[in-house]
Enquirer: 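I have a structure here, written as structure tokens, and I will follow up with some questions on it.
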Amino acid sequence: MGTPASAACDTTWGSLPKGALGDYSEGPLERVRTGRQTCYDRLVVEVAGSGYGYLAEYVDEVVQEGSGKPVPLRGGAKLRIIVQAATAPGFPATSSNLADVSGYTTFRQVAGAGSFESQTTIGVGVRARLPFRVLTLPRDGGGTRLVVDVAHTW
């Protein structure tokens, strides 16, 4: 008999903050997309530049950049992702649904929390406070992908 998929998942990433704020991207944040994997749900933030600071952490409340107004998020936990990059023209920085996560195991909502002074915040409503990891990967044609994976289970 085979091993259940969850037993094969190595998602011992922890739930403490990851990243550091510091430098700003020379290129804008252009796109947010999501995907479902066997062991985790994935959020990808595409930025035209590189070398920017970022911070991903669980918080009690995600607030809008500039105003400090709370951003309503569905789910039992709230993950705040700060990217030190301004948004590209036309990017829906305050959209309550930046990506459709219907049917996802872990994600409940992905919402824009605004962009102010070259810093953009994204709120992710998560089923529970689950382990997550953050990766930065090169993007075809230049730029960087900030990848946030949130595990389905502990």
Enquirer: Under a 3.5 Å threshold, yes or no: a donor from one side chain and an acceptor from the other, between Ser50 and Thr144?
Expert: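 Not at all, the side chains of Ser50 and Thr144 share no donor-acceptor pair under 3.5 Å.
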
Enquirer: Any side-chain heavy atom of Tyr54 within less than 4.5 Å of one from Thr136?
Expert: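 Of all side-chain heavy-atom pairs linking Thr136 with Tyr54, at least one is under 4.5 Å.
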
Enquirer: Looking only at heavy atoms, which two atoms of Arg145 and Pro138 are closest? And how far apart?
Expert: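 The answer is NH2-O, 3.0 Å.
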
Enquirer: Between Gly27 and Ser25, what is the shortest heavy-atom contact and its length?
Expert: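 Result for this residue pair: O-OG, 2.6 Å.
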
Enquirer: Taking the side chain as every heavy atom from C-beta outward, state whether Leu146 and Val47 have any atom pair closer than 4.5 Å.
Expert: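 Counting from C-beta outward, Leu146 and Val47 never come under 4.5 Å.
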
Enquirer: Can you get from Leu43 to Phe91 by hopping between Ile, Leu, Val, Met, Phe, Trp and Tyr side chains that sit under 4.5 Å apart?
Expert: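 Same cluster: Leu43 reaches Phe91 through Ile, Leu, Val, Met, Phe, Trp or Tyr contacts under 4.5 Å.
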
Enquirer: To the nearest 0.5 Å, what is the distance between OG1 (Thr106) and NE2 (His152)?
Expert: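 So the gap between those two atoms works out to 4.0 Å.
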
Enquirer: To the nearest 0.5 angstrom, please state how far the CG atom of Leu21 sits from the CD atom of Gln84.
Expert: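 Those atoms lie 4.5 Å apart.
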
Enquirer: I'd like to know if the side chain of Arg80 reaches the main chain of Ala113, judged simply by a donor and an acceptor atom lying under 3.5 Å from each other, with no hydrogens or angles considered.
Expert: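 No, because the side chain of Arg80 does not come within donor-acceptor range (under 3.5 Å) of the backbone of Ala113.
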
Enquirer: Is there a side-chain contact between Leu137 and Val44 in this structure, where contact means two heavy atoms from C-beta onward sitting under 4.5 Å apart?
Expert: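 They are not in side-chain contact.
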
Enquirer: Using every non-hydrogen atom in the two residues, find where Ala111 and Ser96 come nearest and quote the distance to one decimal.
Expert: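 Looks like CB-O, 3.6 Å.
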
Enquirer: What's the verdict on side chain to side chain contact (heavy atoms under 4.5 Å, CB included) for Arg36 and Thr105, showing C-alpha distance, side-chain angles and the deciding distance?
Expert: CA-CA 8 Å; Arg36 295 185 287 178; Thr105 303; 5.7 Å; no

Enquirer: Tell me, with the steps shown, if Phe116 and Gln64 meet side chain to side chain contact (heavy atoms under 4.5 Å, CB included).
Expert: CA-CA 9 Å; Phe116 184 72; Gln64 285 184 357; over 6 Å; no

Enquirer: Measure across Gly49 and Glu26 and return the closest heavy-atom pair with its distance rounded to 0.1 Å.
Expert: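 It is CA-OE2, 3.7 Å.
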
Enquirer: Nearest 0.5 Å please: distance from the OG1 atom of Thr87 over to the CD1 atom of Ile122.
Expert: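 Those atoms lie 10.0 Å apart.
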
Enquirer: To the nearest 0.5 Å, what is the distance between CG (Leu130) and OH (Tyr58)?
Expert: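 If we round to the nearest 0.5 Å, Leu130:CG and Tyr58:OH are 5.0 Å apart.
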
Enquirer: Quick one, Val124 and Ile81 - any side-chain contact, counting heavy atoms below 4.5 Å?
Expert: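 Counting from C-beta outward, Val124 and Ile81 do come under 4.5 Å.
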
Enquirer: Report yes if some heavy atom in the side chain of Arg108 is under 4.5 Å from a heavy atom in the side chain of Val101; otherwise report no.
Expert: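 Side chain of Arg108 against side chain of Val101, heavy atoms only: no contact under 4.5 Å found.
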
Enquirer: Measuring from atom CZ of Arg33 to atom CG of Leu98, what distance do you get when rounded to the nearest 0.5 angstrom?
Expert: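 If we round to the nearest 0.5 Å, Arg33:CZ and Leu98:CG are 14.0 Å apart.
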
Enquirer: Of all heavy-atom pairs between Tyr24 and Ser118, which one has the smallest distance, and what is that distance?
Expert: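 Shortest heavy-atom separation between Tyr24 and Ser118 comes out as CD2-O, 3.2 Å.
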
Enquirer: Specify whether Tyr104 and Phe107 have parallel, tilted or perpendicular ring planes, treating 30° as the upper limit for parallel and 60° as the lower limit for perpendicular.
Expert: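 Tyr104 and Phe107: parallel rings.
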
Enquirer: Check whether any side-chain heavy atom of Thr12 sits under 4.5 Å from a side-chain heavy atom of Pro131, and report yes or no.
Expert: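 Sidechains of Pro131 and Thr12: no contact.
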
Enquirer: Between Ala151 and Trp13, which heavy-atom pair has the shortest distance, and what is it?
Expert: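 Heavy atoms of Ala151 and Trp13 come nearest at N-CZ3, 3.8 Å.
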
Enquirer: Evaluate side chain to side chain contact (heavy atoms under 4.5 Å, CB included) for Val71 paired with Gln109, printing each intermediate quantity in order.
Expert: CA-CA 11 Å; Val71 175; Gln109 183 179 1; over 6 Å; no

Enquirer: Drop me the distance from Thr11's OG1 to Gln37's CD, to the nearest 0.5 angstrom.
Expert: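 Result: 13.0 Å between the selected atoms.
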
Enquirer: How far apart are the C-alpha atoms of Cys9 and Tyr40, what are their side-chain angles, what is the distance that settles it, and do they pass the side chain to side chain contact (heavy atoms under 4.5 Å, CB included) test?
Expert: CA-CA 9 Å; Cys9 294; Tyr40 53 85; over 6 Å; no

Enquirer: Is the closest side-chain heavy-atom distance between Leu29 and Tyr52 below 4.5 Å?
Expert: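 Leu29 vs Tyr52: side chains apart.
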
Enquirer: Taking side chain as C-beta onward, heavy atoms only, is Arg31 less than 4.5 Å from Arg139?
Expert: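 Not in contact.
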
Enquirer: Is it possible for you to say whether Val62 and Leu55 belong to one hydrophobic cluster, with membership spreading through side-chain heavy-atom contacts below 4.5 Å?
Expert: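 Result: no, two separate clusters.
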
Enquirer: Taking Thr120 for its side chain and Ser115 for its backbone only, find out whether a donor-acceptor pair lies under 3.5 Å.
Expert: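 Side chain of Thr120 to backbone of Ser115, a donor-acceptor pair under 3.5 Å: no, none is there.
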
